[in-house]
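Here is the structure we will look at, set down as structure tokens.
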Amino acid sequence: MNRARVLSHLLSRAPPGTPLAAARTFLYGGTRGKASAPPPPTALAAEPFLNGSSSNYVEEMYTAWLQDPKSVHQSWDTFFRNASAGAAPGTAYTAPPSLAEPTPHHVPLSSIAPAMSTSPMVGDVQISDKVIDDHLAVQGIIRAYQARGHLVAALDPLGIDREALKDRPPTTLPSRTVVRSYVDAFGEEDMERSFKLPMSTYVGGKERQLPLKEIIQRLENAYCRSIGVEFMFINSLEQCNWIRQKFEAPGVMTMDSMEKRLLLARLTRSHGFEAFLARKFSSEKRFGLEGCEILIPAMKQVIDRSTSLGVESFVMGMPHRGRLNVLANVCRKPLEHIFTQFAGLESADEGSGDVKYHLGTYQERLNRVTNKNIRLAIVANPSHLEACDPVVQGKTRAEQFYHGDSEGKKVLSILLHGDAAFSGQGIVYETFHLSELPEYTTHGTIHIVVNNQIGFTTDPRMSRSSPYCTDVARVVNAPIFHVNADDPEAVMHVCNVAADWRSTFHKDVVIDLVCYRRNGHNEIDEPMFTQPLMYTRIRKLKPVIELYGDKLINEEVVTPEEVKEVKDKYEKILETAFSVAKQQTQVFNKHWIDSPWSGFFEGKDPLKISPTGVHEDTLKHIGKKFSSAPPNASDFVIHRGIQRILNSRMDMVESRTADWALGEAMAFGSLLKEGTHVRLSGQDVERGTFSHRHHVLHHQKVDKSQYNALANLYRDQAPYTVCNSSLSEYAVLGFELGFSMTNPNALVIWEAQFGDFNNTAQCIIDQFMSSGQSKWIRQSGLVLLLPHGMEGMGPEHSSARLERFLQMTSDDPDVLPPFSDDFAIRQLSDINWIVANCSTPASYFHILRRQIALPFRKPLIIMTPKSLLRLPEARSSFDEMIEGTEFQRMYPEAGPASNNPASVKRLIFCSGRVYYDLIQARKEAGLEEKIAIARVEQIAPFPYDLVMKECAKYADAELVWSQEEHKNMGAWSYIQPRISTALNHERHISRERVKVAHDSEDQSWYEYWFPWFFPSSGPPEPESPAPSQVHVASKPIRPVRYAGRPVSASPATGNKKTHIRESKQLLEDSLAL
Ligand SMILES: Cc1ncc(C[n+]2csc(CCOP(=O)(O)OP(=O)(O)O)c2C)c(N)n1
Ligand SMILES: [Mg+2]
């Protein structure tokens, strides 16, 4: 029997459709996935399968058996004997006795393929279970490396990561951790056998088969050296294959000497910068990068590669670690600006400033590698780790939106993380969940983790439950590239792949730089207190610059002299900048703006608000469009309930009135007409939590067929974005804050489902909205809509915690701002944010429009109504919105009481929906002439002038503040001192001082209303410089009384009856004379 016949015997007789036929297909080259006809026996030598690994192997066995039957395994001996003796096809093979008991999971091929249970034959060739099993085992090995290779990769420069995370029995071999029992199929002697490579691997390059040894070697190199690739959880086969190719293909990691030299130069700078700061400012905290100096070349590589792929703008967010180095060496911020931050100098411009490792920056520069101009922004951030993640995403998205970059090809976000923060902070997860949402995606973010395997003093065993700090990224199918930060070339490869991935798939990707922290948490901390073993090891490590320098010297890529020359050159640059910095006497906060609004402030009168009233035709046009079905109404099936809503809207438009939804639509629509982009985002905002808005109409029969009237008002209008968000407050509010930073000419709004939930986003409110302008001289006109009101819905659906927003306002309750014609806008300009509780659609309409009409930007917090959305009394006439009208900071009493102020016994101030309860109760009590009620619409900044005017008008009336919130909540604690300040200031303030201070031409109105300010005679004022503000005494003269719910720990009762009793009580307290 010749060789061809044996092989034919093995393989060619398998009936079609049997497992053996599939095995034959598997063994043939070039016909993957398709069954092909067995080769004719006579032509076997020329057939592709003879070039296959199994045929080689069988041939080798046969040759060896011919020479010495004992040289082959007993099973082969039996087989070749039987085959030579002319055994019928399929009968030559007898399974050898097993040495071990079959494991419970081991299923012999023969048992699942009865047709092969005796002697499987293919054509004239019989195939053994072993051949098939071995090939399957090789496949298993390949797959195991791809899926599990990262578990044994040499990722940790300290060599402690696995020890820290797992208690592995010492006998467990690393390779077994990866390949498990697949290796059991092979002995040493099998290592030289060639195996056909399946489609699922690229290790072969052009080769279609390789010896087992070589296959394993290549897989080890790809998956178990300095890079650990986690990607096999990704659902897309295309994406998995793409990654396999990027890491497996032979030669993928090769760098030429120019690239190596550039890498060394960048490392030199990264290292040199930290060393310089350590020398010059040894006792200063700087959160240095020592132990992860590779971060700088890594970021630069990502930027170079992405720039070459078309990205023009990079928006970055990062924590403290290495931030100064990134500013210096990635953004190329002038070094002297950085050094002056260490000098403790006074600030020359506005703002309270921030510590140096929180500041943002914006730079435009030439990327020397690609010769393209790029923009780089690092967003300022608070200490609150990861809080800037959604802000960066929002800013990135906005840049993409306004640049028409709908696929994210030009603008890229890069987020840096610490290992402890990445796994510990929930905002990371919330931000990941925005990554694929149509109105929130940034089309892929490159995440880089500075994984120094410690967070302050806590090591990973105590700070996370997941094996990797990066596991959170798996939720969005982001590939994760772990890499040993002491292998600079591996890091560069990973960076290239990450940039390519983002450019190809526009999805998130994570680079996990596994490194260490050479110093303590900051430079003053002693790490040996808590991590003695780790730091003993760290102290023995050479810095990566030395390791890599030595490597390149050994490779003769550079000479030692060149290494020194590069180092000295950078040192010189640092010294020069240091000398320049030493000459400085001031720092400038404006040098650190991350989002400059060029052209926005220039040429504007800083105290002029553009009109907010609009032409009646505009109101009508918007109203009608908003009340109409889509133009193709006959094809678009509308829900009957929606049709009724549209009809009643149309009726309102005809009668020149607006409810809340209409007032809002008119504000949005008129801004859109004027070219202002409007974006409304939040949970269920498209319909509105209270089903009042309905900005997106849904075809009742066709999925995804929608109509958005406000996006279709005018041919040349600005775009309108309304988007239901993920169920997150923290990330979504952060995102909108970021969005609002990019373009001041946009009305960006976040609406809470109920105002109560805003505290889940407290960090964005406290760290960014309330204090952002002061810390970072960065403005934002972001609007928060917070449904608020005590309507018996229980403790978590009643209060947006108005008191907290008011408590954080930056206006001094004891200082009466100077009066002038531009009093209101000066107040707005000075305060950190605006807090309002609007009680009418017109008020809401104007305040929204005023956001854009202001010559600057301030966050606006509005308590929005629930029941007022539908209350007929809470509608506004068009007369209150047309040209010539404006936002009323306070509505004075306008009813019968106002006609005869002298007979008014009580003046009640209130805000928001309680007004409607009060007027109803007043009416029922017949007190409309005795009690005046004024509504404060803009609570902060406090409308002192209007409140004083109203108080003066009802000079003999008792003053009451009425609110529905509990006494330790709501506006009371904000209002009380301010009314007191307004009314009870000392009489010695002279008109001259006021006049000089405020340079007001016309003081007649407040002279008229507040005559007690200006006594006709009195002691002369002592000479003193003009004050910029009028300080007042705290002595109360005209008190204001509280009427409302008593103090409480909970914002509202959950008991309906108690709620009703409390509501009644507060009305009685307010109105009983
Ligand atoms: C939300 C929040 N909680 C706590 C801190 C205090 N803190 C500052 S740095 C730090 C450790 C951060 O560890 P990691 O994220 O690993 O970054 P590393 O300092 O190691 O670079 C902690 C707990 C903080 N800044 N923010
Ligand atoms: Mg850390």
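Atoms within a ligand are numbered from 1 in the order they appear, just like the ligands themselves.
Note on I454: counted as a metal contact of the Mg ion (ligand 2), an N/O/S atom lying under 2.8 Å. Metal site remark for the Mg ion (ligand 2): N452 contributes an N, O or S atom at a distance under 2.8 Å.
Ion pairing between R279 and E571 holds under the 4.0 Å rule for side-chain N and carboxylate O. Taking a cutoff of 4.0 Å between a charged side-chain nitrogen and a carboxylate oxygen, D459 and R464 do not qualify as a salt bridge.
Here E336 pairs with nothing under the salt bridge (charged side-chain N to carboxylate O under 4.0 Å, His left out) rule; sequence neighbours left out. For S771, the side chain to side chain contact (heavy atoms under 4.5 Å, CB included) partners two or more places apart in sequence, or in a different chain, are K775. Not a single salt bridge (charged side-chain N to carboxylate O under 4.0 Å, His left out) links D756 to another residue, sequence neighbours left out.
Looking at C495 and R305, their side chains never come closer than 4.5 Å, going by heavy atoms from C-beta outward.
K285 NZ: 12 or fewer foreign heavy atoms inside a 6.0 Å radius.
Using a heavy-atom distance under 4.0 Å as the criterion, the protein contacts of ligand 1 are H320, R321, S383, H384, L385, G418, D419, A420, A421, Q425, N452, I454, G455, F456, H521.
Here the N, O or S atom of D419 that is nearest to the Mg ion (ligand 2) is OD1.
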